[in-house]
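Below is one structure, written out as C-alpha cells; the observations come after it.
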Amino acid sequence: MSPMPAPAPLLIACALGIEHLALRAGERGDAGGPVTVLRTGMGPRAAERSVTRVLADPALAGAAVLATGFCAGLAPGMHPGDLVVAEETRDPRGSVPCVGTELLVKELVRTLPGRTVHTGPLTGSDHVVRGHERSDLLATGAIAVDMESAATLLSAVRAGERPVAAVRVVVDAPEHELVRIGTVRGGISAFRVLRSVLPAFFEWHRSLLLPRR
C-alpha cells in the first residue's frame, strides 16, 4: 500500500507581539495538520516579506494561510470584540477572494456565542486609519481595515495555489476609537476574543482536507 499523504499544513499570520501572544495562549485542539503561527511584523511590507520567506520552505508547500489579528471597524454600530470574517481582502494591488467564509462564521459563532460576526470586504492600509479616512473606506464597500491581511493573502497566493482566509477582531470602531491597545477596555476585550478563535481556525483547516464531491 502506498503511504498516506502528509496532512496539509496551516500557516496563521499575525503582525504584533500582543496578537502572537494571544494566539499562542489559546493554542489547543487539532488542526488536522502542522500549524505555524507567524509574527510578520507591522505593515504590508513586513507581512509580504515574512510570508514570502516562510512559504519558500518546502515543508509549507501548499499550506493554507489565514491572516488574523486586530482591525479597525468601519461601519457604525461595530464594537471592540466583534469579529470580521473577510469575503475578500483588498489593497491597491488588487483583491484576493477568501475560502470557506461561511464555515468560519458558523464555527466562530459556535466557539464564541454572543459575539457579533461581520462579513464583507477587508481592506488594507499602510497606516493607522482615523477620522474621515474611516468613512472614505466604508464608502468603497469595505467593512474593516488593517495593515497586513491584504498583503499576507496576496503574497500567499503568489507563492502558489492554496486556500486563504482572513479573520480579524475589532479593536476600535467609529464610536470607540482606540487610544492605547494595552490600556483601553476595547483592547482587552479584543485580546480575549483573539485568544479564543483557534478552534474555529482548526475546524476550517480540517474542512479543507476533506475530499471534494
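Remember, it's a predicted structure, so these values are computed and weren't measured experimentally.
A single hydrophobic cluster is seen to contain both Val157 and Leu38, as judged by linkage of ILVMFWY side chains at heavy-atom distances under 4.5 Å, directly or through other members. The same ILVMFWY cluster, assembled from side-chain heavy atoms under 4.5 Å apart, contains both Val105 and Leu208. One hydrophobic cluster, built from ILVMFWY side chains closer than 4.5 Å, cannot hold both Val85 and Val65; they sit in different ones. The hydrophobic cluster containing Leu21 also contains Val37, counting ILVMFWY residues as joined when their side-chain heavy atoms lie under 4.5 angstrom apart, directly or transitively. Clustering ILVMFWY residues whenever any of their side-chain heavy atoms sit less than 4.5 angstrom apart, transitively, puts Val51 in the very cluster that holds Val164.
When side chains are defined from C-beta on, Met78 counts as touching Val84, because their heavy atoms get closer than 4.5 Å. Pro80 places none of its side-chain heavy atoms less than 4.5 Å from the side chain of Val171. No side-chain heavy atom of Leu66 sits less than 4.5 Å from a side-chain heavy atom of Leu11. In this structure, Leu55 and Ser155 have side chains that are not in contact, with every pair of non-hydrogen atoms separated by 4.5 Å or more. The shortest distance between side-chain heavy atoms of Val197 and Leu83 falls below 4.5 Å. Within the 4.5 Å cutoff, side-chain heavy atoms of Leu10 are placed close to those of Phe202. Two residues are said to be in side-chain contact when any heavy atoms from C-beta on lie closer than 4.5 Å; Ile12 and Leu23 meet this criterion. Looking at heavy atoms from C-beta onward, Cys71 lies out of side-chain contact with Val169 at the 4.5 angstrom threshold.
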Please test Glu133 against Val128 for side chain to side chain contact (heavy atoms under 4.5 Å, CB included), starting from the C-alpha separation and ending with a verdict. CA-CA 10 Å; Glu133 287 183 285; Val128 175; over 6 Å; no

Using the rule given for side chain to side chain contact (heavy atoms under 4.5 Å, CB included), can you reason through Phe201 versus Leu104, listing the C-alpha separation, both sets of side-chain angles and the distance that settles it, and then say yes or no? CA-CA 7 Å; Phe201 294 178; Leu104 275 167; 4.2 Å; yes

For Leu16 and Met42, run side chain to side chain contact (heavy atoms under 4.5 Å, CB included): C-alpha distance rounded to whole Å, both residues' side-chain angles, the deciding distance at 0.1 Å, then the answer. CA-CA 6 Å; Leu16 304 177; Met42 189 166 68; 3.9 Å; yes

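Under a 3.5 Å cut-off, the side chain of Glu19 and the backbone N or O of Ala15 do form a donor-acceptor pair. In this structure a side-chain-to-backbone donor-acceptor pair under 3.5 Å is present from Arg162 to Ala63. The backbone N or O of Ser125 sits nowhere less than 3.5 Å from a side-chain atom of His127 that would complete a donor-acceptor pair. Between the side chain of Trp204 and the main chain of Val99, a donor-acceptor pair closer than 3.5 Å is present. His20 contributes no side-chain N or O that, together with a main-chain N or O of Thr40, makes up a donor-acceptor pair within less than 3.5 Å.
Considering every non-hydrogen atom in both Ala61 and Pro9, the closest pair reads O-CD, 4.3 Å. The minimum heavy-atom distance linking Ala86 with Thr101 is given by the pair O-OG1, 3.3 Å. Residues Val193 and Gly81 come closest through the heavy atom pair CG2-O, 3.7 Å. When all heavy atoms are compared, the tightest approach of Ala47 to Ala151 is CB-CB, 4.2 Å. The heavy-atom pair separating Ala22 from Phe191 by the smallest distance is CB-CE1, 3.5 Å. Here the shortest heavy-atom pairing between Ala200 and Leu108 reads CB-CD2, 3.6 Å.
Residue pairs meeting the side chain to side chain donor-acceptor pair (under 3.5 Å) criterion with at least one member in residues 46-72, sequence neighbours excluded: Glu48-Arg93.
The only member of Leu154, Leu122, Asp91 that meets side chain to side chain contact (heavy atoms under 4.5 Å, CB included) when paired with Val96 is Leu154.
Interatomic distance, Cys98 SG to Glu88 CD, rounded to the nearest 0.5 Å: 8.0 Å. The distance from the CG atom of Leu112 to the CG atom of Asp82 is 11.5 Å, given to the nearest 0.5 Å. Annotation: the span from Leu194 atom CG to Leu198 atom CG amounts to 7.5 Å, rounded to 0.5 Å.
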Can I get a per-line list of side-chain donor-acceptor pairs under 3.5 Å for residues 138-149, giving both atom names and the distance, sequence neighbours left out?
unit_1 : atom_1 : unit_2 : atom_2 : d
Thr140 : OG1    : Leu137 : O      : 2.5
Asp146 : OD1    : Glu148 : N      : 2.7
Asp146 : OD1    : Ser149 : N      : 2.7
Asp146 : OD1    : Ser149 : OG     : 3.3
Asp146 : OD1    : Arg168 : NH2    : 3.3
Asp146 : OD2    : Ser149 : OG     : 3.0
Glu148 : OE2    : Gly43  : N      : 2.7
Ser149 : OG     : Arg168 : NE     : 2.9
Ser149 : OG     : Arg168 : NH2    : 3.2

